[in-house]
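As the structure lists them, so they are numbered: ligands from 1, and atoms in each ligand from 1. What you see below is based on every heavy atom in this structure, not just the backbone, and it leaves out hydrogens, waters and symmetry mates. Source: prediction; values computed, not measured.
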Amino acid sequence: MIQIICGPCSAESEEQVLATASALVDIFAGRKDYRHIAYRAGLWKPRTRPGTFEGVGERGLPWLQRVRRETGLKVIVEVATAAHLEAVLKAGIDMIWIGARTTANPFAVQDLADVLKGVDIPVFVKNPLNPDLDLWLGAVERLEMAGIKDISVIHRGFSFYEKGRYRNEPKWQVPIDLMRKRPDLRILCDPSHIAGKRELLYEVSQMAMDLGFDGLFIESHISPDSALSDSEQQIEPGSLARMFDNIQIRSSVPEDEELSRRLQEFRARIDSLDDNILEILELRMGVVDQIGEQKRQSNITILQQQRWEEILEKTRSGALSRGLDPEFIEELFKLIHIASIKRQA
Ligand code: PEP
Ligand code: MN
């Protein structure tokens, strides 16, 4: 069963918080594949630039208590400072999450962990803004050392100066590595902060399901266009329900033997092709070493810009004629090229 945490980016008013909660409760009625484990709402909003809506603060706590009383939903809030955490604990909020900007700062995480000593509350840790797996794991470990038992992680993508298709680059390899290192942790994907636009929520959510994530952490607002924060990425509850209908949920282990035999055959072929790739790279690096020697003898620079342009052009058209994604091939050859330069240096 896919675990869902959803609710508005920010609590804006008591009416908005309650109306969104009750609309969300309705979309889960009769749904077998999804479970609404908590209702989210930010009270203190970490905003990149000042002068935008920074949240209602403690004023929103009674609104969330009311959601809990009236819908039976558990509620979850972001905490970034010891003062936020103390207020949230006093109000009996069920769960907390640590935001990307906070995870990036070990002092801030330690402050929270210190307050959490002896407190039994589920904590969700978002990845840091930068793609640093150790920093993410380090935050989890600080909480574990404070005695927190129920820890989950949330993948929300990473910020880069260059803007791509998404607001935050997913860099799926980072959560995949995390799953390998900590298979015991529940992992949710936050497609809202990755996508940045509601039209892209579906494809990001589907990718998370294809990778075997345990659930989704999604921003949903009763009237997204008038939302005070993250208006473009919030989705109205009815559209969220349609998205759930369209998402293909996959089981992580193949159920029948015939299928698992076929998968094994494919994997054996992939393994042998991967071996070929390694062998070709070994051969290529051998030639790189020989050219390196020539460059040294004739005292010319390792980087030959014109030749590099030629390789990029050639591999790009090669990619196109073979039905490969030219951007992927360009990335791949940039890596090969930089590794070749290092060998010659
Ligand atoms: C949020 O979930 O509202 C939020 C601010 O997210 P992040 O920390 O991922 O930017
Ligand atoms: Mn948000």
Side-chain angles (χ1 to χ4, degrees), residues 3-12 16-17 20 24 37-50 52-57 60 63-64 75-81 84-85 88 93 95-106 108-109 112 122-132 135-136 139-140 143 152-160 163 166-172 174-175 178 187-198 200-201 204-205 208 213 215-236 240:
Q3 307 187 16
I4 306 289
I5 294 180
C6 56
C9 175
S10 304
E12 300 167 4
Q16 168 253 4
V17 165
T20 307
L24 286 172
I37 60 169
Y39 179 71
R40 64 151 282 158
L43 299 181
W44 300 275
K45 299 306 298 176
R47 307 313 302 274
T48 305
R49 314 274 305 253
T52 48
F53 177 65
E54 299 203 312
V56 297
W63 309 341
L64 290 173
V75 287
I76 179 167
V77 165
E78 173 177 352
V79 293
T81 66
H84 297 162
L85 182 52
V88 159
I93 296 299
M95 309 175 183
I96 52 171
W97 89 81
I98 297 182
R101 291 156 192 78
T102 310
T103 307
N105 179 353
V109 175
L112 296 174
V123 183
F124 290 73
V125 184
K126 289 204 174 193
N127 62 256
L129 292 172
N130 50 326
D132 184 335
L135 198 52
W136 195 1
V140 169
L143 296 163
S152 311
V153 292
I154 301 173
H155 169 234
R156 52 76 80 198
F158 304 94
S159 347
F160 290 94
K163 288 285 168 246
Y166 301 120
R167 174 178 176 191
N168 288 298
E169 269 307 308
K171 281 207 162 287
W172 295 104
V174 180
L178 181 134
I187 180 163
L188 308 190
C189 172
D190 172 349
S192 308
H193 288 87
I194 292 178
K197 292 188 204 66
R198 56 184 147 278
L200 301 177
L201 288 175
V204 176
S205 305
F213 276 64
L216 301 167
F217 184 91
I218 305 181
E219 289 188 340
S220 176
H221 190 290
I222 194 75
S223 124
D225 289 335
S226 57
L228 299 181
S229 59
D230 287 350
S231 154
E232 283 179 37
Q233 72 193 33
Q234 300 206 61
I235 185 170
E236 171 274 317
L240 181 59

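- Among protein atoms, those of element N, O or S found less than 2.8 Å away from the Mn ion (ligand 2) are C9 SG, H193 NE2, E219 OE2, D230 OD2.
- Contacts of Y39 classified as ring-ring contact (aromatic ring centres under 6.0 Å, His included), with partners at least two apart in sequence or in another chain: none.
- Atom 5 (C) of ligand 1 has its nearest heavy-atom neighbour, among K126, R156, E78, in E78.
- Residues that satisfy the side chain to side chain donor-acceptor pair (under 3.5 Å) test with D230, not counting sequence neighbours, are R167, H193, Q233.
- Taking the six-membered ring where the residue is Trp, W97 and F217 present perpendicular rings, their angle passing 60° and hence far from 30°.
- Judged by distance alone, the side chain of R156 and the main-chain N or O of S192 form no donor-acceptor pair under 3.5 Å.
- Among all non-hydrogen protein atoms, the one lying nearest atom 4 (C) of ligand 1 is H193 NE2, 3.5 Å.
- Counting atoms of ligand 1 from 1 in the listed order, those under 4.0 Å from a heavy atom of K45 are 1 (C), 3 (O), 5 (C).
- Every atom of ligand 1 is numbered from 1 in the order shown, and the set under 4.0 Å from a heavy atom of G99 is 8 (O).
- Using modelled atom types, no side-chain atom of S229 and backbone atom of C9 make a donor-acceptor pair closer than 3.5 Å.
- Ion pairing of E219 with R40 is present here, as a side-chain N (NZ or NE/NH1/NH2) and a carboxylate O approach within less than 4.0 Å.
- Every residue two or more places apart in sequence or in another chain that forms a side chain to side chain donor-acceptor pair (under 3.5 Å) with Q3 is listed here: R186.
- The shortest N or O to N or O distance between A100 and ligand 1 is under 3.5 Å.
- When each of I98, V153, V123 is paired with V140, the side-chain contact (heavy atoms from CB on, under 4.5 Å) condition holds for V153 and for no other.
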